[in-house]
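For reference, the structure discussed in these notes is given below.
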Amino acid sequence: FPVLSGKSRFSLMSFMKAAPMICGAALLVAFFDGSVLTLLPVYGVKNQMTAELAVLMSSVLLAGNILLQFPIGWLSDRWGQAPVILCCGVIGLAGALLLPVAIGFPFFLWPMLVIWGGAVVGTYTIALVIMGKAFKGPDLITANAAAGTLWGVGSLIGPISAGVAMEAYEPHGMP
C-alpha cells in the first residue's frame, strides 16, 4: 500500500511552479472541456446545423475522449510521454483551427471531432501518468489537489471565455 501520511514538500501554489506542464494540462483540458461541451451545440446551430446534429457533435467529441485513451496510452508506453503529449497538444490546436472549416463538410467534421476530443483529453491522461511517476505519497496528494483545483478554474473560465469570444467573433469565436 502507498504511504500517504506525512507532510508534502509542496503547497498548492508551489506545486504549480514545480510542475507547470501538469498544471497547464489540467487547466487547459478543463477549459476545453467546459467550453466545448457547453457551447459546441450552440456553435453548430450558429453555423446552420439542426439542433439535433449540433448536440450530436458533443457526443461524437466525447466518444473520441473515451475511445482514444487506450491507443494514446499505448503510444505513450512505446514512444514516451513527452512526444505523445506534444502530439496530442498539436492535434488539439489543429482541431480548434480546423473546426470553422470542418463545420461545413460533414465527411470531415465527424472524424475530426473524434480525433480532436481524444487528443485534447489525451494531454490530461498523459499529464496524470507523468504526475503519478514523478510524485509519491503526500506529494502525490498535493499534486492531485492542485490538478483538481485547476480543473475547477478551467471549467469555470472556459465557458465564459468561449461565450465572450463567440459574441466578439461570431460565429467562430469558440474554437
Side-chain angles (χ1 to χ4, degrees), residues 20-76 79 81-131 144 146-175:
M21 190 276 306
I22 293 169
C23 293
L27 181 67
L28 292 173
V29 172
F31 189 100
F32 168 85
D33 201 47
S35 305
V36 172
L37 293 179
T38 303
L39 294 172
L40 190 60
V42 175
Y43 179 75
V45 169
K46 285 184 177 245
N47 281 280
Q48 315 314 307
M49 285 186 136
T50 66
E52 293 81 8
L53 280 178
V55 170
L56 183 61
M57 286 195 313
S58 294
S59 297
V60 170
L61 186 94
L62 285 171
N65 291 357
I66 296 164
L67 295 173
L68 295 183
Q69 296 319 295
F70 286 111
I72 288 169
W74 180 81
L75 289 171
S76 174
W79 296 347
Q81 285 84 41
V84 174
I85 201 168
L86 178 63
C87 185
C88 285
V90 168
I91 292 169
L93 178 60
L97 295 173
L98 290 172
L99 185 60
V101 174
I103 196 86
F105 299 96
F107 61 90
F108 181 63
L109 174 65
W110 301 107
M112 191 211 78
L113 288 171
V114 171
I115 294 166
W116 187 34
V120 171
V121 173
T123 60
Y124 186 64
T125 300
I126 300 303
L128 291 178
V129 169
I130 294 167
M131 183 171 69
N144 191 52
T149 299
L150 289 167
W151 188 275
V153 170
S155 293
L156 176 68
I157 64 173
I160 294 167
S161 301
V164 168
M166 283 179 83
E167 291 296 319
Y169 182 61
E170 190 168 330
H172 299 296
M174 188 212 51

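Hydrogens, waters and symmetry mates are skipped; everything else that's a heavy atom, side chains included, is used.
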**OP:** With sequence neighbours excluded, give me every side-chain hydrogen bond (donor to acceptor under 3.5 Å, both in side chains) pair touching residues 90-105.
**Re:** none

Subject >> Sequence neighbours excluded, every pair satisfying salt bridge (Lys or Arg N to Asp or Glu O under 4.0 Å) that has a member inside residues 27-43 >> reply: none

**OP:** Tell me, please, which residues at least two apart from Leu67 pass side chain to side chain contact (heavy atoms under 4.5 Å, CB included).
**Re:** Ala63

Original post:
Got a second to check how far Ile126's CD1 is from Ile22's CD1, nearest 0.5 Å?
Top reply: 12.0 Å

**OP:** Could you tell me the separation between the CD atom of Gln69 and the OG atom of Ser76, rounded to the nearest 0.5 Å?
**Re:** 11.0 Å

Original post:
Going through the checks in order, is the side chain to side chain contact (heavy atoms under 4.5 Å, CB included) test met by Ile85 and Met21?
Top reply: CA-CA 10 Å; Ile85 201 168; Met21 190 276 306; 3.3 Å; yes

Report all side-chain donor-acceptor pairs from residues 155-166 shorter than 3.5 Å, counting only partners two or more places apart or in another chain.
| unit_1 | atom_1 | unit_2 | atom_2 | d |
| --- | --- | --- | --- | --- |
| Ser155 | OG | Trp151 | O | 3.0 |
| Ser155 | OG | Trp151 | NE1 | 3.4 |
| Ser161 | OG | Ile157 | O | 2.8 |

Original post:
Could you give the distance from CG (Leu62) to CE (Met57), rounded to the nearest 0.5 Å?
Top reply: 12.0 Å

**OP:** For the residue pair Leu61 and Leu37, establish whether any side-chain heavy-atom pair is separated by less than 4.5 Å.
**Re:** yes

Original post:
What pairs of residues pass the side-chain hydrogen bond (donor to acceptor under 3.5 Å, both in side chains) test when at least one of them lies in residues 46-62, not counting sequence neighbours?
Top reply: Lys46-Glu170

Subject >> Gap separating the CD1 atom of Ile91 from the CD1 atom of Ile72, nearest 0.5 angstrom >> reply: 7.5 Å

Side chains of residues 96-123: which donor-acceptor pairs under 3.5 Å do they make with residues two or more places apart or in other chains?
| unit_1 | atom_1 | unit_2 | atom_2 | d |
| --- | --- | --- | --- | --- |
| Trp116 | NE1 | Gly92 | O | 2.9 |
| Thr123 | OG1 | Val120 | O | 2.5 |

